[in-house]
Asks: 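Mind having a look at this structure? Questions to follow.
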Amino acid sequence: MTTLAEGLRLPTNGLDYTILALYFVVVLGIGFAARRSVKTSLDFFLSGRSLPAWVTGLAFVAANLGATEILGMAANGAQYGAYTVHWYWIGAIPAMVFLGLVMMPFYYGSKVRSVPEFLLHRFGPSSHLLSSVIFAVSSVLIAGVNLYAMAIVLQALLGWPQWVAIVVAGFFVLAYITIGGLSSAIYNEVLQFFVILAALIPLTIVGLKRVGGWDGLTDSLDASHGDAFLTAWQGTGIGEANPLGANWLTIVLGLGFVMSFGYWTTNFAEVQRALSAKNLSAAKRTPLIAAFPKIFIPLVVVIPGLIALVMEPTLGKSKDGLQYNDAIPVLMRDLLPNGVLGIAVTGLLAAFMAGMAANVSSFNTVFTNDIWAAYLKKGREDAHYLKTGRVVTAVGVLIGMGTAFIASSFSNIMNYLQTLFSFFNVPLFVVFIIGMFWKRTSAAAGFWGLLSGTAAAMVNYFWLYKQGIIAIPSDQGANFVSSIVAFVVGALVMVVVTLFTEPKSAESLAGLVYGTRSPGMAELPAEGDDAWYRKPALLGWGALVLAAVCYLPFSL
C-alpha cells in the first residue's frame, strides 16, 4: 500500500473539519481526565488493574481495529472475496476463546505486568530478555504501519502532506498516552470503537442500497467473478488453485491454529487490555466479550470491499488505476454527504490511532518493566519507572514515525503485518503452549525454541519463498507456510533440548503450568460476577456457536 490512486480527494468542508477537531479535543480531554488516576507505575502501565470487563473488552477489540482491519481487510474482501472471512471466524474467535478460558488465569493469576514477564517466571532470564527485545521491535514496526497507512490515506483524501499527517496523529497519540497512561489509551479505544462503527455502518448500508441490496451484490459478483468468489472453501483442496493461494490445510493449521493462536494469545498489545481488568473473572471475560463484536466486524469491513468491487469494476485491474486498498476511500468519496463524511474520516483516523496507541502503550510497558527495570536500572524507586515509561512513550512514537516508511516496501499492508506475525508471534506461541502444558520443559528449551522458530520463519520467507526455491502462489500463502514452519521447528527444538537439559523444580512452576495453582490464581470473582451471563465458559461457547452460524452460509 505505497500510495492511493489519484482522484480520491474528498469534497470535505468546514462541517467535516469541525467534527474532526471535536474528536481531537475529546481525545485529549480523556487523557487529562485519566491523569488524575495515575499515581504509580502500575496505574500508568496497567490502569491499576481496576477496569471493568466491558471497558477492557471493547478496548481489546478496538486495539485490533486499526489500519489493517479497515483498509487491509476491505482490500482483501475486494481481492479474495469470501475467503477473507477466514481471518475472523477461524482466524480470531477460537483463539480469543482459548485466551479467555485457558491462558488468562495464568497471565492474571501470576500477577505479571507483561507477556515476556510470564516467560521470565516459566523459563528464566534468557527467554525473557529475548522475547522482550523481539516484542519491542515488532511493536514499533507495527505502530509504524498504522502511521504510514494513515498518512497516505489523509494525503489522498484530504490533501494533507504525509509528514503533516504523521506528525499530527503521532502528537495526539503521544499526548494522551503520556498524560493518562494505559487508562487514557483504553478509554480512548472504547470511544474509537464507537466512532469507527459510526463511520462504517452508514457506509455499508448506503453501499448495499446503491448496488441493489444483498441480492444485487451477489448477482453482480457471481456474474463477474463466478459463484466461488462468495464461498469460503471452494477451490481450497490440496493442489487446487484459488485467489488466496492457500489450501484447506494451510488455512486451518497456518491461519486458524498457528498464526491465529500465536497472535491473540501472545500479542501483548491485546493481552495488556485484559491484564488491566479489575479481577480474574473480568480478565477472563475481556477477550470473550470482545469476541462478540469481532464476529460481526466482517459485515462492515469485508462487505464494503465487495461493494466497492461492484461499484468500481476496474479496482485492482491496473497498476496506475484504483487499487484494492482504495476500496473504503472510493466508497467514502462516492456515497457519503458532508457531515457523515466528516464522521467517516474521523472514524478512519480513530482506527489508525487505536492501532498505534495499542502498540505504543505495550511497547512502553515491555521496555520499561522487562528491559530497563529488569536488566539496566534495577531496584529504583517507582517514580523513576513512571517517568521512564513516559519518556519511552515519546521514544516509541518517534521510532514508529521512522518505521512507518519500512511499510512502503510492501504493496499490501496486510501481507506486511502477517509476515511480522509469522516471525514474532508464532515462535512465542509454541514456547508458551509447550511450556504451559509440559512440566518437563526446561529453561534452555524455551530460549532455543523461541530463537529457532523465529529464524526458521525468516529462512522460509526470505530464502525459500522469495528466492523461488519453493513455489507458493502468494505472499499470504507464504505467511501461512512460514507460521507452520516456525511452529514445527520451534516445537522440535524444544523437545530435543528438554530431553538433554534439567527441568525446573516443581515448586517454581506453581501457577505457571496447566494443572498447578498459585495463590494469585485462587482469587475469587468480585460480587455479582457469578451471574449466568457473566460466566466465562458460557460466553466462550456462545461466541464459538455464533461464529459457526455466521460461517455456515459462506461454507456451503
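Bear in mind the structure is a predicted one, so any value in this text is a computation, not a measurement.
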Asks: Please tell me if the side chains of L249 and I484 come closer than 4.5 Å, counting only heavy atoms from C-beta onward.
Replies: no

Asks: Determine whether the aromatic ring centres of F462 and F423 lie less than 6.0 Å apart.
Replies: yes

Asks: Can you list the residues that meet the side-chain contact (heavy atoms from CB on, under 4.5 Å) rule with A228, with sequence neighbours excluded?
Replies: T231, Q234

Asks: Any idea how F261 and F98 line up, ring-wise: parallel (<30°), tilted (30 to 60°), or perpendicular (>60°)?
Replies: tilted

Asks: Evaluate the side-chain contact (heavy atoms from CB on, under 4.5 Å) criterion for residues M311 and D334: first the C-alpha distance (whole Å), next the side-chain angles of each, then the deciding distance (0.1 Å), finally the verdict.
Replies: CA-CA 9 Å; M311 292 182 57; D334 294 346; 4.0 Å; yes

Asks: Of all residues at least two apart in sequence or in a different chain, which pass the ring-ring contact (aromatic ring centres under 6.0 Å, His included) check with Y465?
Replies: Y461

Asks: Return the set of residues passing side-chain hydrogen bond (donor to acceptor under 3.5 Å, both in side chains) with T393 (not counting sequence neighbours), or none when no residue passes.
Replies: N364

Asks: Out of curiosity, I186 CD1 to I30 CD1, how far, rounded to the nearest 0.5 Å?
Replies: 12.5 Å

Asks: Enumerate the side-chain hydrogen bond (donor to acceptor under 3.5 Å, both in side chains) contacts for residues 253-264, please, sequence neighbours excluded, ordered by first and then second residue.
Replies: N64-Y263, Y263-N267, Y263-E270

Asks: After noting the C-alpha distance and the side-chain angles of L20 and F24, does the key distance pass the side-chain contact (heavy atoms from CB on, under 4.5 Å) rule?
Replies: CA-CA 7 Å; L20 190 58; F24 279 127; 4.0 Å; yes

Asks: Would you please name every residue forming a side-chain hydrogen bond (donor to acceptor under 3.5 Å, both in side chains) with S482, sequence neighbours left out?
Replies: N460

Asks: Rounded to the nearest 0.5 Å, how far apart are CD of E189 and OG1 of T56?
Replies: 11.0 Å

Asks: Of all the heavy-atom pairs spanning G339 and I19, show the shortest one and how long it is.
Replies: O-CD1, 3.3 Å

Asks: Return yes if some donor-acceptor pair links the side-chain N/O of H86 with the main-chain N/O of A232 below 3.5 Å, else return no.
Replies: yes

Asks: side-chain contact (heavy atoms from CB on, under 4.5 Å) for W233 and Y551? Distances and angles first, verdict last.
Replies: CA-CA 11 Å; W233 292 102; Y551 219 146; 3.5 Å; yes

Asks: First locate atom CG of L217, then atom CG of L309, and finally report the distance between them rounded to the nearest 0.5 Å.
Replies: 9.0 Å

Asks: Would you compute the distance between atom CD1 of I93 and atom CG of L544 and round it to the nearest 0.5 angstrom?
Replies: 8.0 Å

Asks: If you take all heavy atoms of S483 and V258, which pair is closest and at what distance?
Replies: O-CG1, 3.2 Å

Asks: To the nearest 0.5 Å, what is the distance between CG on L255 and CH2 on W87?
Replies: 6.0 Å

Asks: Going from CG on L335 to CG on L341, what distance comes out if it is rounded to the nearest 0.5 angstrom?
Replies: 10.5 Å

Asks: With the side chain counted from C-beta on, respond yes when R285 and L539 share a heavy-atom pair under 4.5 Å apart, and no when they do not.
Replies: yes

Asks: Hey, could you give me each pair passing ring pair (Phe, Tyr, Trp, His ring centres under 6.0 Å) that has a residue in residues 186-226? Not counting sequence neighbours.
Replies: H225-F229

Asks: Sort and list the pairs that fulfil side-chain hydrogen bond (donor to acceptor under 3.5 Å, both in side chains) and have at least one residue in residues 17-27, not counting sequence neighbours.
Replies: Y23-Q192

Asks: Over all heavy atoms of both residues, which pair between V61 and L58 is shortest? Give the atoms and the distance, please.
Replies: CG1-O, 3.2 Å

Asks: Using the test side-chain hydrogen bond (donor to acceptor under 3.5 Å, both in side chains), find all partners of S422 that sit at least two apart in sequence or belong to another chain.
Replies: none

Asks: Keeping T84 on the side-chain end and N76 on the backbone end, is there a donor-acceptor pair under 3.5 Å?
Replies: yes

Asks: Of all the heavy-atom pairs spanning P329 and L71, show the shortest one and how long it is.
Replies: CD-CD2, 4.0 Å

Asks: Side-chain atoms of residues 198-205: list all donor-acceptor pairs with protein atoms under 3.5 Å, sequence neighbours left out, distances to 0.1 Å.
Replies:
residue	atom	partner	partner atom	Å
T204	OG1	L200	O	2.9

Asks: Tell me every residue that passes ring-ring contact (aromatic ring centres under 6.0 Å, His included) with Y88, counting only those two or more places apart in sequence or in another chain.
Replies: none

Asks: Could you report the tightest heavy-atom contact between F292 and F296, atom names first, then the distance?
Replies: O-CD1, 3.2 Å

Asks: Could you walk me through whether F480 and F257 pass ring pair (Phe, Tyr, Trp, His ring centres under 6.0 Å), step by step?
Replies: CA-CA 10 Å; F480 296 162; F257 175 59; over 10 Å; no

Asks: So, using ring-ring contact (aromatic ring centres under 6.0 Å, His included) as the criterion, who are the partners of F32 when residues are at least two apart?
Replies: none

Asks: Would you be so kind as to tabulate the donor-acceptor pairs closer than 3.5 Å made by side chains of residues 345-363, with sequence neighbours excluded?
Replies:
residue	atom	partner	partner atom	Å
T346	OG1	G342	O	2.7
N359	ND2	G355	O	2.8
S361	OG	R273	NH1	3.4
S361	OG	R273	NH2	3.2
S361	OG	A357	O	2.9
S361	OG	A358	O	3.1
S362	OG	A358	O	3.0
S362	OG	N359	O	2.9

Asks: For side-chain contact (heavy atoms from CB on, under 4.5 Å), just list the numbers for E312 and D326, CA-CA rounded to whole Å, side-chain angles, deciding distance to a tenth of an Å, and then say yes or no.
Replies: CA-CA 10 Å; E312 292 285 352; D326 299 328; over 6 Å; no

Asks: Restricting to non-hydrogen atoms, name the atom on T218 and the atom on D215 that form the minimum distance, rounded to 0.1 Å.
Replies: OG1-O, 3.0 Å

Asks: Please tell me if the side chains of S224 and V310 come closer than 4.5 Å, counting only heavy atoms from C-beta onward.
Replies: no

Asks: When you compare the side chain of F60 with that of L99, does any pair of heavy atoms fall below 4.5 Å?
Replies: yes

